[in-house]
Amino acid sequence: MALLVAHQKQYVLGPSAVRIRRDWVATPIDDGLILSHCPRLAVQQLRARDDRHFWLLGLAVPADEIVDSLAAAFSARDSSEIETWTGYWAGKWLLISPERCWPDASSSLAVNYRMVDGELWLSNSPALLSDHLPGVPSLPPIPWQVTSAKGMDWIPAPLTTRDGIRMLLPQRTIDPRDGTIRPVRMARPNRDLSGAFETLADALRTVMLNWGRSAFAEKLVGLTAGLDTRTVLAAACAAQIDARTYTISFPFMSRRDRVLPPRLAAAVGMPHVFRTLAPVDDADAKARAAVIAEHMDGATSHPTFDHLARFRRGRDGDRDRTSANGTCFEVGRCFFWNRFTRAGLSDRRPTADQILQAFAHESSWRPVPLDSWRVALHAWVESLSDPVPLAHDWRDRFYLDQRLGAWNANTQRSADLVESTTFNPANCLWIFDLLLQPHAARRRQGAAQREAVRILEPRLLKYPINPLPL
């Protein structure tokens, strides 16, 4: 039976080695810069054409060209070309060089940072930066009160669970030595905006084809009744990759999510299975809950955490499995716009208090501790002046930075407790750019995705999409 182990697939980058467990790996990046990581975290050394070395953490898949492997395509580029190229990478990843660190589009692998006596430490875990640095005192937790699906049910970026540790926002890159932060650079190709839907469909097909060429023995596509997983399925079909579909049977899932996935898979000739997870006894559930709490450090609240504690999700052979999901597409669908409009906000830059009032509007939710919420959101509002490549409307930036960069990145951290590899095909700056192209009225309807599905696999549009009834 696969056990849950706290801090699995986590890393620390800093001036000296850190060993959370005896099996942790320490790799010198440069003089005075050591990458320490769990051996379950995929780490690959890459070399550019001009012989500069980089280290890739996680799984990155190009969306702009079909490649034999990322490493081969990497070696055909000079180091000066790499940063702009990463804007076309999908997945959950972090690229490190001696000079800079570049996170994926939504910073889903996460970069948290702490300065100690003039030395910078980076990690995807605030708990590691607080409690596990050699000879460094721990930092107190901020007493956030976060409840799933109520108000802002995440810790607002750029703050974290610990006082004195901050989170790198998406679309930024950080110097691993002095902590200098700047926006990432992205070069858009010359293209006709009228063909954005076709370009999106081609990018998704390319992503799935390259993912299909990865070394994993088994590729899985998670299915629900929603538009996002259907878009991934359509791209997988168009790429003609060898993959199977599945749906985890949660007790809180809707009837649509039980009925439609096998029908969708059958419509395109792909196998589908429901995974019913085996329960654990009360003592094991209590121990697993403690591991999850240590691993997450109170970063967010989600019903799947309780389910993960009480049911075995891991399986034999998971290290050779990768699963594609529909995370991140929602960035293109004006998710928070209606909430902000109801609270009287428009496209004009808000204050921190106005954002908090929008989430408290017609709700019993109240931000606690208020001072910390204000500090976090004031810092975020100030960051709107940064010349980042995408999401120039603050409401879209809020979704990208807060819902994806804070809530989703922390929620996905729980997935690191199992050994299979999660893949997010839409988590790519280039794909975000294409999703944000249509007018807001069309974006709200998911027009870009629906048209992409129509191009990639039109049979999938014959079935209702959440929240339409069966």
Side-chain angles (χ1 to χ4, degrees), residues 1-12 18-25 36-41 92 108-110 112 114 121 123-134 136-150 153-155 159-165 167 248-252 275-316 318-319 368-369 372 406-422:
M1 179 184 68
L3 300 176
L4 296 187
V5 179
H7 308 304
Q8 183 163 274
K9 298 183 184 178
Q10 295 187 346
Y11 73 89
V12 177
V18 177
R19 293 196 182 276
I20 307 305
R21 297 187 301 274
R22 292 196 309 175
D23 62 348
W24 268 49
V25 179
S36 306
H37 65 91
C38 169
R40 300 289 184 265
L41 176 64
K92 180 180 177 180
S108 64
L109 204 149
N112 303 290
R114 176 186 182 183
W121 296 86
S123 176
N124 54 343
S125 168
L128 294 187
L129 292 179
S130 170
D131 301 338
H132 295 274
L133 300 184
V136 175
S138 295
L139 294 172
I142 300 174
W144 302 104
Q145 293 185 21
V146 176
T147 303
S148 179
K150 187 174 182 179
D153 56 349
W154 65 89
I155 292 173
L159 267 58
T160 68
T161 54
R162 303 295 181 120
D163 191 20
I165 298 174
M167 174 191 302
I248 295 180
S249 184
F250 289 113
F252 45 81
R275 283 197 61 203
T276 301
L277 308 182
V280 301
D281 61 35
D282 290 345
D284 196 5
K286 184 177 180 180
R288 291 164 67 91
V291 169
I292 295 169
E294 179 183 349
H295 184 81
M296 297 302 301
D297 200 41
T300 190
S301 174
H302 199 272
T304 57
F305 296 172
D306 179 63
H307 196 265
L308 179 60
R310 295 187 296 110
F311 294 86
R312 297 190 186 101
R313 190 173 298 186
R315 296 179 291 167
D316 292 339
D318 269 351
R319 293 187 198 179
V368 178
S372 296
W407 179 85
N408 182 64
N410 284 321
T411 300
Q412 286 212 7
R413 196 190 311 167
S414 68
D416 292 337
L417 289 165
V418 297
E419 294 194 350
S420 59
T421 297
T422 299

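Below, all heavy atoms of this structure are taken into account, side chains as well, without hydrogens, waters or symmetry copies.
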S.K.: With a 4.5 Å limit on heavy-atom distance, are the side chains of Val12 and Leu133 in contact?
M.R.: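 Yes, at least one pair of side-chain atoms sits under 4.5 Å.
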S.K.: Ser414 versus Ile292: any side-chain heavy-atom pair under 4.5 Å?
M.R.: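 No, every pair of side-chain atoms sits at 4.5 Å or beyond.
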S.K.: Which value, rounded to the nearest 0.5 Å, describes the distance between Phe311 atom CZ and Asp284 atom CG?
M.R.: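 Going from the CZ atom of Phe311 to the CG atom of Asp284 covers 12.5 Å.
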S.K.: Using the side chain to side chain donor-acceptor pair (under 3.5 Å) criterion, which residues pair with His37? Sequence neighbours excluded.
M.R.: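 Here no residue qualifies.
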S.K.: Determine whether Arg162 and Arg114 satisfy the following criterion, side chain to side chain contact (heavy atoms under 4.5 Å, CB included), listing intermediate values before the conclusion.
M.R.: CA-CA 10 Å; Arg162 303 295 181 120; Arg114 176 186 182 183; over 6 Å; no
S.K.: Determine the minimum heavy-atom distance between Thr422 and Ala415, stating which atoms define it.
M.R.: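 Nearest pair, atom of Thr422 first, then Ala415: OG1-CB, 3.9 Å.
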S.K.: Over all heavy atoms of both residues, which pair between Arg413 and Ala299 is shortest? Give the atoms and the distance, please.
M.R.: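 For Arg413 versus Ala299, the nearest heavy atoms are NH2-CB, 3.9 Å.
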S.K.: Partners of Trp154 by side chain to side chain donor-acceptor pair (under 3.5 Å), sequence neighbours excluded?
M.R.: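 In terms of side chain to side chain donor-acceptor pair (under 3.5 Å), with neighbours along the sequence ignored, Trp154 is linked to Gln402.
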S.K.: Rounded at 0.5 Å granularity, tell me how far CG in Leu308 sits from CG in Leu417.
M.R.: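 Here the rounded value is 6.0 Å.
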S.K.: Could you state the interatomic distance from OG (Ser125) to CD1 (Ile20), rounded to the nearest 0.5 Å?
M.R.: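 Rounded to the nearest 0.5 Å, the OG-CD1 separation comes to 8.0 Å.
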S.K.: So how far is it from Arg288 CZ to Leu4 CG, rounded to the nearest 0.5 Å?
M.R.: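 Reported to 0.5 Å precision, the distance equals 4.0 Å.
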S.K.: Which heavy atom of Val280 sits nearest to which heavy atom of Ala285, and what is that distance?
M.R.: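 So the two residues come closest at CG2-N, 3.6 Å.
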S.K.: Out of curiosity, Leu129 CG to Asp297 CG, how far, rounded to the nearest 0.5 Å?
M.R.: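 If I round to the nearest 0.5 Å, the distance is 10.0 Å.
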S.K.: Side chains of Ser249 and Leu277: does their closest heavy-atom pair fall under 4.5 Å?
M.R.: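 Answer no - side chains too far apart.
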S.K.: Does some side-chain heavy atom of Arg21 sit less than 4.5 Å from a side-chain heavy atom of Val5?
M.R.: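 Val5 reaches Arg21 side chain to side chain.
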S.K.: Are the side chain of Ser130 and the backbone of Pro126 linked by a donor-acceptor contact shorter than 3.5 Å?
M.R.: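 Between the backbone of Pro126 and the side chain of Ser130 there is no qualifying donor-acceptor contact (under 3.5 Å).
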S.K.: How about Cys38 and Gln8: do any of their side-chain heavy atoms sit closer than 4.5 Å?
M.R.: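 A side-chain contact under 4.5 Å exists here.
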S.K.: Please round to the nearest 0.5 Å and tell me the distance separating atom CG of Asn124 and atom CD of Gln412.
M.R.: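 Interatomic distance, Asn124 CG to Gln412 CD, rounded to 0.5 Å: 12.0 Å.
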S.K.: For atom CG of Asp282, is the number of surrounding heavy atoms from other residues, nucleotides or ligands below 6.0 Å larger than 12?
M.R.: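 No - once you tally the heavy atoms of other residues, nucleotides and ligands closer than 6.0 Å, there are 12 at most.
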S.K.: List for me each residue that meets side chain to side chain donor-acceptor pair (under 3.5 Å) alongside Ser108, sequence neighbours excluded, and say none if there are none.
M.R.: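 Result, side chain to side chain donor-acceptor pair (under 3.5 Å) vs Ser108: Asp104, Asn427.
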S.K.: Parallel, tilted or perpendicular, judged at 30° and 60°: which one describes the rings of His7 and His295?
M.R.: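 Taking His295 first and then His7, their aromatic rings sit tilted (interplane angle of 30° to 60°).
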S.K.: Please find the pair of heavy atoms, one from Trp144 and one from Ser372, that lie closest to each other, and give the distance.
M.R.: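 Looks like CH2-CB, 3.6 Å.
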S.K.: Any carboxylate oxygen within less than 4.0 angstrom of a Lys/Arg side-chain nitrogen, looking at Lys92 and Asp416?
M.R.: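 The answer is yes: the pair qualifies as a salt bridge.
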S.K.: If the test is side-chain contact (heavy atoms from CB on, under 4.5 Å), which one of Leu139, Ile155, Asn410 qualifies with Thr161?
M.R.: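 Among Leu139, Ile155, Asn410, the one meeting side-chain contact (heavy atoms from CB on, under 4.5 Å) with Thr161 is Ile155.
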S.K.: For the pair Ser420 (side chain) and Arg319 (backbone), establish whether a donor and an acceptor sit closer than 3.5 Å, ignoring hydrogens and angles.
M.R.: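 Not confirmed, Ser420 side chain does not pair with Arg319 backbone.
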S.K.: Closest approach of Gln10 and Trp24, non-hydrogen atoms and distance?
M.R.: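 Scanning both residues completely, I find the closest heavy atoms to be O-CH2, 3.4 Å.
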S.K.: Apply side chain to side chain contact (heavy atoms under 4.5 Å, CB included) to Leu128 and Trp121, showing your working.
M.R.: CA-CA 10 Å; Leu128 294 187; Trp121 296 86; over 6 Å; no
S.K.: Report the C-alpha distance between Asn112 and Thr160 in whole Å, list the side-chain angles of each, state the deciding distance to 0.1 Å, and finish with yes or no for side-chain hydrogen bond (donor to acceptor under 3.5 Å, both in side chains).
M.R.: CA-CA 8 Å; Asn112 303 290; Thr160 68; 5.3 Å; no
S.K.: List the atom of Lys9, the atom of Glu419, and the distance in Å for their closest heavy-atom pair.
M.R.: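 Nearest heavy atoms, Lys9 then Glu419: NZ-O, 3.4 Å.
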